[in-house]
**Q** 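Below is the structure I would like to discuss, written out as structure tokens.
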Amino acid sequence: MMPGRLMHTAANRMRSVDSRLSAALTAAVVLSGVLAAADAQMAVVTGIGCLLVLLFAVFPFAGLVAVICAIPLDLRSRQILLGVTGVNISVVQLLTVAAALGVVIAWLSGRLKWKHHAPDLPIICIIVASYLSMLLNPSPESGYVLRHTLSLSLVFALYFIGVQTVDSPQRLRIVAIVLAAVCILASSVGMYEFLSGQYLLVKGSHTFAEMERITGLAGRTNATAFQAATGLVFLLGYALLGRLSGFKLLLAGAGAVTCTAVILLTLTRSVWLGTAVGLIALTYYFRHDRRLICALLLIAIFVAVMTTVAELPVAKRLTTLGALDELAASDVRRLYHVIIAYEVLKTHPIFGIGWGNFQYMVNEIKPPDLPRQPPMPPHNAFAYIGANLGLLGLLSYLWLLWVLLRQITYRPQVPNFGDVRNMQLVAGAAIWLYLVCQLSQPAIYMLVAWVAVALNTSAVAMLAAKEETASASQAARSHAGGAKADYS
């Protein structure tokens, strides 16, 4: 009777889930039909969006992979959609919304079991602080702040999608490979544009000399450098997970060279330092692996040769705040913005001035003795969060960083956890890269960093579960042995 009842219950549950999905599909068709009467283009977009939501509700992990693949297109797709539809949104954000809704539907329908992780609560506190700050600090342009607040929410939504869908060692490995491949592809496109002077996806061209600093597929120098650095860390980590064939080794070597070249050509000092720290962490974690040592030596030789042949101002960028007049002016502006952020934190200590308001109101909130500033955020994550969200948001962010530090220094007591432990270490090295870069960038918008955080969090959860199972088994064996001794 019991097996029959279980099968009957499972069948009823599946019928209930299927009926909910059918109802959702019917609602999507009706909504698309209603919008078609007013705007055919909006109907098509809505219909595609609803189908994506349903697809990701059935296959939530596919939503995460789709978002990761679109990350390098964030800025360029935003520009394209803004010109076509007039809405300032990117393909990454659209896919994130669809994937997040898919995860929620999968959870409500019982297809996905919600799991709690240590970074969840501080991230929720940051999101709550952003909306409280927006409501309590009316902006001259409320839509501007709302858009930035929603963008911040979608950044963290990517983390939640990751930790809820990456629930096996196989998925850990898949996401790591996809992330490395996407970063390498973006870096390759950036190298092609830099050498050819022709942009892809957007109009315009520059010569080799005119571009000076590579922007890459991401469209921003700092984002391009950060993506290339993250790709390099994960690429080296993937090479450590097993013995590669000659063809895969060739591809990995070409990818490492491409990412390294892009990191150099961006002339982004924070990413240079962050990459060094990430590779040092990777070397410490895998200090007995000869393949990693050889790869790092080859990368160091390549960097030295490229710096010499291309005559890049690497040494000057490392030892001075700016080698050129425009770079020096940029560094001075960054210092001004940090000063302004500190003054804002003193005048709005609890809730800040609203997420995104800093760059919009920078010349209204600056001290009168400072010159007029361009509408830019502070190039420091702590200054940016403190000014926009006050101490409530800043303390929540510090809490989050403390949780992340505990995760990347976590060591399971039971050894031999294989690839899960290795992936946790590789993702931890990528988090070290992020922790350094945030000191001179508002790096909270670096989406690949939150993919790394999600991977590290999922790996720690798997390790903790295996450790708990191993401890329970050992305790059961000890109890059985003790009982047998008492009986004897």
Side-chain angles (χ1 to χ4, degrees), residues 74-75 126-127 129-130 132-134 137 139-141 144-145 147-153 155-156 213 218-226 266-274 317 320-322 326-401 433-447 449-450:
D74 186 22
L75 179 63
I126 296 174
I127 297 174
S130 66
L132 285 176
S133 181
M134 179 186 67
N137 294 281
S139 170
E141 182 56 54
Y144 180 87
V145 177
R147 178 168 61 83
H148 278 73
T149 306
L150 291 173
S151 296
L152 178 66
S153 302
V155 168
F156 290 124
R213 298 177 68 186
R220 291 189 181 96
T221 299
N222 292 342
T224 297
F226 191 87
T266 56
L267 298 179
T268 306
R269 290 163 295 186
S270 61
V271 175
W272 289 349
L273 181 59
R317 289 285 288 172
T320 64
L321 285 176
E326 59 268 22
L327 295 178
S330 173
D331 289 320
V332 171
R333 286 197 300 269
R334 295 181 184 186
L335 293 175
Y336 282 154
H337 282 189
V338 172
I339 294 173
I340 296 171
Y342 177 69
E343 294 297 326
V344 170
L345 184 60
K346 289 196 300 184
T347 55
H348 299 79
I350 305 299
F351 298 104
I353 58 175
W355 190 258
N357 255 339
F358 183 93
Q359 52 263 46
Y360 188 81
M361 302 172 57
V362 63
N363 289 298
E364 300 177 23
I365 58 180
K366 71 175 183 65
D369 56 334
L370 292 183
R372 187 173 181 82
Q373 300 298 315
M376 295 169 54
H379 277 60
N380 178 280
F382 302 103
Y384 190 42
I385 295 173
N388 286 326
L389 302 184
L391 289 176
L392 183 61
L394 182 59
L395 292 177
S396 299
Y397 185 65
L398 292 174
W399 179 17
L400 172 61
L401 295 185
L433 163 66
Y434 169 77
L435 294 178
V436 173
C437 290
Q438 69 172 342
L439 299 177
S440 61
Q441 293 183 29
I444 197 169
Y445 279 116
M446 300 298 183
L447 297 178
W450 298 106

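Everything numeric in this text was worked out from a predicted model, so none of it was measured.
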**Q** Any chance you could measure Leu389, atom CG, to Ile350, atom CD1, to the nearest 0.5 Å?
**A**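 These two atoms lie 12.5 Å from each other.
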**Q** Counting N and O atoms only, with roles assigned by atom type, does the side chain of Ser440 sit under 3.5 Å from a partner on the main chain of His379, one being a donor and the other an acceptor?
**A** no
**Q** Side-chain contact test, heavy atoms from C-beta onward, threshold under 4.5 Å: evaluate it for Pro378 versus Phe358 and give yes or no.
**A**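 Counting from C-beta outward, Pro378 and Phe358 do come under 4.5 Å.
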**Q** Roughly how far apart are Leu395 CG and Leu400 CG, rounded to 0.5 Å?
**A** 12.5 Å
**Q** To the nearest 0.5 Å, how far apart are CZ in Phe226 and CD in Gln438?
**A** 9.5 Å
**Q** Let's go through Tyr397 and Ile444 carefully: what are the C-alpha distance in whole Å and the side-chain angles of both, what is the deciding distance for side chain to side chain contact (heavy atoms under 4.5 Å, CB included) to 0.1 Å, and is it a yes or a no?
**A** CA-CA 10 Å; Tyr397 185 65; Ile444 197 169; 4.3 Å; yes
**Q** Would you name the heavy atoms of Asn380 and Ala383 that are closest together and state the gap between them?
**A**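 Result for this residue pair: OD1-N, 2.9 Å.
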**Q** Roughly how far apart are Ser270 OG and Asn222 CG, rounded to 0.5 Å?
**A** 6.0 Å
**Q** Could you give the distance from CG (Asn357) to NE2 (His348), rounded to the nearest 0.5 Å?
**A** 9.5 Å
**Q** Can you name the nearest heavy-atom pair linking Ala225 to Thr266, along with the distance?
**A**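 Taking every non-hydrogen atom into account, CB-OG1, 3.3 Å.
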**Q** Distance-only, no hydrogens or angles: does the Ser396 side chain make a donor-acceptor pair with backbone N or O of Leu392 under 3.5 Å?
**A**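 Side chain of Ser396 to backbone of Leu392, a donor-acceptor pair under 3.5 Å: yes, one is there.
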**Q** Write down the atom of Ala443, the atom of Ala381, and the distance for their closest heavy-atom approach.
**A** N-CB, 4.5 Å
**Q** When you measure from the side chain of Ser130 to the backbone of Ile127, do you find a donor-acceptor pair of N or O atoms at a distance under 3.5 Å?
**A** yes
**Q** Quick one: pull up CG in Leu345 and CZ in Phe382 and give me the separation to the nearest 0.5 Å.
**A** 13.0 Å
**Q** So, Tyr445 versus Trp450, ring centres under 6.0 angstrom or not?
**A** no
